[in-house]
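All chains are named by letter (A, B, ...) in the order of the sequence lines, taking the proteins before the strands, and each is independently numbered beginning at 1. Everything numeric in this text was worked out from a predicted model, so none of it was measured. These numbers come from the heavy atoms of this one structure, side chains and all, not from hydrogens, waters or symmetry mates.
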There are 2 protein chains.
Amino acid sequence: MGTTKSQIFTNRQNRLAHILKVLGHPARIAILEYIGEINGCICTDLITEIGLAQATISQHLKELKSIGLIKGSIEGKKVCYCIDTIRWHEVQGEINPFFSKINSCYSAC
Amino acid sequence: MGTTKSQIFTNRQNRLAHILKVLGHPARIAILEYIGEINGCICTDLITEIGLAQATISQHLKELKSIGLIKGSIEGKKVCYCIDTIRWHEVQGEINPFFSKINSCYSAC
DNA sequence: TTTTAACATTGTAATATTACGATGTTATTT
DNA sequence: AAATAACATCGTAATATTACAATGTTAAAA
């Protein structure tokens, strides 16, 4: 008990849910928005900007990387993170059909 | 420790994250898609369709109701659930600006 | 070469989530 | 009125998440 029963859902449903779950945390929303505004930033900036411990920011960045939404390039002893726009479009390609499907519904009750 | 530090984020970021978090579970994706396809359904249908225990389905429905995405109307001893289209559009109104913002980024690294 | 700065990783406590059996509630059926 | 059907809620075990201190790791600076 306690674990999501992934086997009973389709791969598409599991992928989509995983993406939305990763996006479903205010720190990760804030990270994506900040990286977006600055068009790439370094991790130290995020720590001061967001106000969470360095280990926590690093953990959130790891989850965003797990679905490929951001990528980091090493610049000396710093790491520059930015949105992976190609991957972001793929992600949109997973989300949009779902949203469209719900959009086409009418309230039957 | 262990709790999300909501105070350090904006209300908008917290609301958006909460919506995406609720959407970020395959069972809730499946529920929304099924309700959408059938244009309203009853809870018993969901139990047989999805394959989770009645209590679990009820719990997921409660979370979807918590953000107003679905509404249920009592029909005798059954409850008919359907998408709340007005609320869905509001939800889209929270999500779309965020997606647009990320869309307008370029990969700086 | 030692120090320092910028992360990543590990370990762990607090809390949240997921799933389900058991039980409650309410309305139809018998 | 008693039985049943369709949920909702409660209680709880298993697991996942969140956050941070402590500890690596790596590269520039001193």
| For atom NZ of A:Lys78 and atom P of C:dT4, their distance in whole Å | 18 Å

| Any chance CD1 of B:Ile8 has more than 12 other-residue heavy atoms, nucleotides or ligands included, within less than 6.0 Å? | yes

| task | Please state how far atom NZ in A:Lys65 lies from atom C1' in C:dA8, giving the value in whole angstrom units. | result | 8 Å

Every protein N/O within reach of nucleotides 13-17 of chain C N/O, cut-off under 3.5 Å:
| unit_1 | atom_1 | unit_2 | atom_2 | d |
| --- | --- | --- | --- | --- |
| C:dA14 | O4' | B:Met1 | O | 3.3 |
| C:dT15 | O3' | B:Thr3 | OG1 | 3.4 |
| C:dT17 | OP1 | B:Lys21 | NZ | 3.0 |

| task | Grab the NZ-P distance between A:Lys62 and D:dT18 for me, whole Å please. | result | 14 Å

| Does the D:dA8 base have a donor-acceptor partner in the side chain of B:Gln54 within less than 3.5 Å? | yes

| Phosphate contact (C:dA6 OP1 or OP2) by A:Tyr81 side-chain N/O below 4.0 Å | no

| task | Mark yes or no for whether A:Arg28, through its side chain, and A:Val22, through its backbone, hold a donor-acceptor pair below 3.5 Å. | result | yes

| field | More than 12 heavy atoms from other groups under 6.0 Å of NZ on B:Lys62 | value | no

| query | B:Gly36 and A:Cys105: which non-hydrogen atoms are nearest, and at how many Å? | reply | CA-SG, 3.2 Å

| Touch class at under 4.0 angstrom, heavy-atom based, for B:Leu52 against every strand present | sugar-phosphate

| Can you name the nearest heavy-atom pair linking A:Ile50 to A:Ala30, along with the distance? | CD1-CB, 3.7 Å

| field | N/O (side chain, B:Ser58) to phosphate O (OP1/OP2, D:dA8) under 4.0 Å | value | yes

| query | Could you run down nucleotides 25-30 of chain D 5' to 3' and tag each one B, S or - for protein heavy-atom contact under 4.0 Å? | reply | --SS--

| note | Scanning both residues in full, the closest heavy-atom pair of A:Leu69 with A:Leu32 reads CD1-CD1, 4.2 Å

| query | Hey, which of these two, B:Leu61 or A:Thr56, hits DNA chain D nearer its 5' end, going by closest nucleotide? | reply | B:Leu61

| Any side-chain heavy-atom pair from A:Ile42 and A:Tyr81 closer than 4.5 angstrom? | no

| message | Assigning hydrophobic clusters by single linkage (Ile, Leu, Val, Met, Phe, Trp, Tyr; side-chain heavy-atom cutoff under 4.5 Å), is A:Leu23 placed with A:Ile86? | response | no

| field | Nucleic acid contacts - residues 38-51 of chain B versus DNA chain C, non-hydrogen atoms under 4.0 Å | value | none

| Validation row: A:Ser66, A:His18 side chains within 4.5 angstrom (heavy atoms) | yes

| request: Give me the ring orientation class for A:His60 and A:His25: parallel if the planes are under 30° apart, tilted from 30 to 60°, perpendicular past 60°. | output: tilted

| request: Mind calculating the distance between CG (A:Asn14) and C1' (C:dT18) to the nearest angstrom? | output: 14 Å

| Counting N and O atoms only, with roles assigned by atom type, does the side chain of A:Asp84 sit under 3.5 Å from a partner on the main chain of A:Lys71, one being a donor and the other an acceptor? | no

| note | Rounded to whole Å, the NE2-C1' distance (B:His18 to D:dT18) equals 16 Å

